[in-house]
Participant: 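This is the structure I want to talk about, given as C-alpha cells.
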Amino acid sequence: CACLLCHYLVSQSLALTMVTILSKSHADRNVYPSAGVLFVHVLEREYFKGEFPPYPKAGDSSNDPITFNTNLKGYPDRPGWLRYIQRTPHSDGVLYGSPASEHMGKPTIIEITAYNKRTFETARHNLVINIMSIEEFPLPYQAEFFIKNMNVEEMLASEVLGDFLGAVKNVWQPERLNAINITSALDRGGRVPLPINDLKEGVYVMVGADVQFSSCLREVETPQNQLRCSQEMEPVISCDKKFRAQFHIDWCKISLVDITKVVPVHSNRPDAGTGVLPDIGEYNPPSESLKNRDYFADFLITLAVPSAVAMVLFIILAYSMCCRREGVQKRNMQTPDIQLVHHSSIQKSTKELRSMSKNREISWPLSTLPVFHPVSGEVVPPIHPDNYETTSMPLMQTQTNLQNQIQIPQQQSSGK
C-alpha cells in the first residue's frame with residue numbers, strides 16, 4: 001500500500017507539472033471571423049497574468065500595468081484592415097476590423113506581445129485569424145451612423161453593440177442585419193475632445209441589411225432637414241427617440257449607400273511584387289587610382305571672377321566718393337544769401353558761448369547786468385557771491401565783477 005501511495009503521489013505531481021507546462025506553452029489561438037462582418041477580439045489582461053511571476057507577498061491582488069504590441073507575423077505592423085486600441089495599461093486591449101473578401105483562403109497570424117511594466121517581462125502568443133465566407137456578401141444596403149456620446153472601445157463592447165443593433169433593427173426591420181465596421185472619429189480627422197463634461201470622441205458605426213432603407217432613415221434626405229443641417233441645426237427625425245435613451249446620433253452625418261446602384265470603378269494596379277530586389281551580381285567598387293584633375297577652371301570660377309567684380313565695384317565707389325566732391329565754395333555759391341547769413345549768425349553765437357564757457361574771468365554780456373527793484377529803484381545786489389561756483393550759474397543771472405558798473409540814482413520825493 002505504501003508503494004502504491006508513493007506511485008500515486010509521483011504520478012499526480014507529474015500530472016501537475018505537465019498541466020503547468022501546457023499552460024505556458026504559448027499555444028496558438030484560432031478565431032474564425034466572416035468576411036464583411038465586424039471582427040472584435042479582446043486581449044484580456046487576466047489571460048496573460050499567468051505568464052508573469054506573482055507578487056512577492058501572498059494575498060496581494062495583482063494589478064500589474066500590462067501593455068500589448070500586435071503585428072503581423074514577419075512584419076512590423078498589423079494588416080491594413082485590423083486596428084488595435086488600449087486606453088491605459090490597466091485596461092484590456094481590443095483588436096477590431098472588417099476583413100474583406102480578398103483575405104479569405106489563407107490564415108492571418110498576428111503576434112501578440114504582452115509587456116509587464118512592473119517586472120519588465122514579456123509574453124508572446126499567436127492569434128490565427130481564419131477568414132470565412134458568408135452566403136450573401138456584401139449586404140446590399142449599408143448605413144453609417146455617427147454616435148457622439150461613445151468612444152470606440154465603449155462601442156466595441158458586446159452588450160453596447162448588441163443594444164445598438166437592436167435599436168437599428170427595430171427601426172429598419174430587416175431580416176439580416178450585421179455590423180460591418182466601426183471607426184473612431186479621430187481616424188476621420190476629428191479633434192480630441194476637451195477633458196470636461198465627460199466629452200467623447202465619437203464613433204462611426206456601419207451596418208448592413210438585406211432590405212431597403214426605412215422611411216425613418218430617409219427622413220434626413222428631405223429638403224427641410226437638409227436645410228436644418230446646413231444651418232447647423234438638428235434635423236427632425238421621428239425615430240430618434242428610439243436611440244436617444246442610450247445613443248446620441250448626429251443625423252446630419254448619416255450615410256445611406258445602396259451598393260447595387262454604385263458603379264464599380266476598376267483601376268489597374270501594378271503588381272506588388274515580392275519586395276525583394278533582383279540579383280544584379282556582385283558590387284564592383286571604383287578603382288583606388290584616381291585620375292588627375294585640373295582645378296584651374298574651378299579657381300577662376302570660385303575666386304577670380306568674384307574678385308574682379310568686387311574690384312570694379314570698389315573703383316566705382318571710390319570715384320564717386322573722392323573724385324566728384326563739390327567742395328565748400330561751390331556749395332556756398334548754390335546756397336541763398338539769406339540762408340548763409342542765418343547760418344553765419346548762428347555759428348558766431350555758438351563760438352561766443354563756447355569761448356565764454358572756457359574763460360569765466362571775462363566780462364559778462366550786457367544782458368546779464370544787475371536789475372533794479374521795481375518799487376524803490378535800488379539796484380538789487382547779486383544773488384550769488386564771488387566765491388560761488390560760477391560754472392552752474394545761469395546765463396541771465398546778475399554778476400558782481402563788473403568793471404564799469406552803472407550807478408542808477410534813487411528816486412527822490414516830490415517835495416525836495
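Computed from heavy atoms alone, side chains included, the values below leave out hydrogens, waters and symmetry copies. It should be emphasised that the depicted structure is a prediction, and the values quoted were computed from it without experimental measurement.
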Participant: Please check if atom NE2 in H343 has more than 12 non-hydrogen atoms from other residues, nucleotides or ligands closer than 6.0 Å.
Facilitator: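 Counting other residues, nucleotides and ligands, NE2 of H343 stays at 12 neighbours or fewer.
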
Participant: Verify the ring-centre separation between Y141 and F213: is it less than 6.0 angstrom?
Facilitator: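 Distance test on ring centres: under 6.0 Å, yes.
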
Participant: Is the gap between the ring centers of F243 and H248 under 6.0 Å?
Facilitator: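 No.
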
Participant: Checking R78 against Y84: charged group under 6.0 Å from the ring centre and within 45 degrees of the axis?
Facilitator: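 The answer is no, since R78 fails at least one limit relative to Y84.
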
Participant: Please round to the nearest 0.5 Å and tell me the distance separating atom NZ of K148 and atom CZ of F247.
Facilitator: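 Atom-to-atom, K148:NZ and F247:CZ are 14.5 Å apart.
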
Participant: With heavy-atom distances below 4.5 Å as the criterion, would you say the side chains of I110 and H41 are in contact?
Facilitator: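 Side-chain contact under 4.5 Å: no.
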
Participant: Any salt bridge between E153 and R83, counting N to O under 4.0 Å?
Facilitator: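 So E153 does not pair with R83 through a salt bridge.
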
Participant: Between the side chains of N116 and D64, does any donor sit under 3.5 Å from an acceptor?
Facilitator: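 Yes, a side-chain donor-acceptor pair sits under 3.5 Å.
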
Participant: Which pair of non-hydrogen atoms, one from R87 and one from S91, has the smallest distance, and what is that distance?
Facilitator: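 It is N-OG, 3.7 Å.
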
Participant: Answer yes when K253 and E144 have at least one side-chain N-carboxylate O distance shorter than 4.0 Å, and no when they do not.
Facilitator: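 Result for this pair is no, no salt bridge flagged.
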
Participant: Side chains of T222 and N225: is there a donor and an acceptor less than 3.5 Å apart?
Facilitator: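 Side-chain D/A pair, T222 to N225: present.
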
Participant: Establish, yes or no, whether the cationic atom of R29 lies under 6.0 Å from the six-membered ring centre of Y47 and within 45° of the ring axis.
Facilitator: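 Judged by the rule (NZ or CZ under 6.0 Å from the ring centre, within 45° of its axis), R29 counts as positioned above Y47.
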
Participant: Do N178 and L38 touch side chain to side chain, with heavy atoms closer than 4.5 Å?
Facilitator: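 Side-chain contact under 4.5 Å: no.
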
Participant: Under 4.0 Å between a side-chain nitrogen and a carboxylate oxygen: does that hold for D210 and R176?
Facilitator: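 Between R176 and D210 there is no salt bridge, as every charged N stays at least 4.0 Å from the carboxylate O atoms.
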
Participant: Do NZ/NE/NH1/NH2 and the carboxylate oxygens of K242 and D240 come within less than 4.0 Å?
Facilitator: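 No, this pair does not count.
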
Participant: Could you report the tightest heavy-atom contact between L43 and D92, atom names first, then the distance?
Facilitator: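 Distance-wise, the nearest heavy atoms are O-CB, 3.4 Å.
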
Participant: Counting only heavy atoms not in E102, do more than 12 sit closer than 6.0 Å to its CD atom?
Facilitator: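 Yes, the 6.0 Å shell around CD holds more than 12 heavy atoms from other groups.
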
Participant: Looking only at heavy atoms, which two atoms of V220 and Q226 are closest? And how far apart?
Facilitator: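 Smallest interatomic distance, heavy atoms only, reads O-NE2, 2.7 Å.
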
Participant: Take atom CD in Q231; do more than 12 heavy atoms of anything else shown fall under 6.0 Å from it?
Facilitator: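 Enclosed.
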
Participant: Between CD1 of I254 and CG of L217, what distance do you get to the nearest 0.5 Å?
Facilitator: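 Spacing of CD1 (I254) from CG (L217) equals 5.0 Å.
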
Participant: What pairs of residues pass the salt bridge (charged side-chain N to carboxylate O under 4.0 Å, His left out) test when at least one of them lies in residues 298-314, not counting sequence neighbours?
Facilitator: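 Sorted pair list: R293-D298.
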
Participant: Considering non-hydrogen atoms only, spot the tightest contact between L177 and A209 and give its length.
Facilitator: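 Between these two residues, the closest heavy atoms are CD1-CB, 4.1 Å.
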
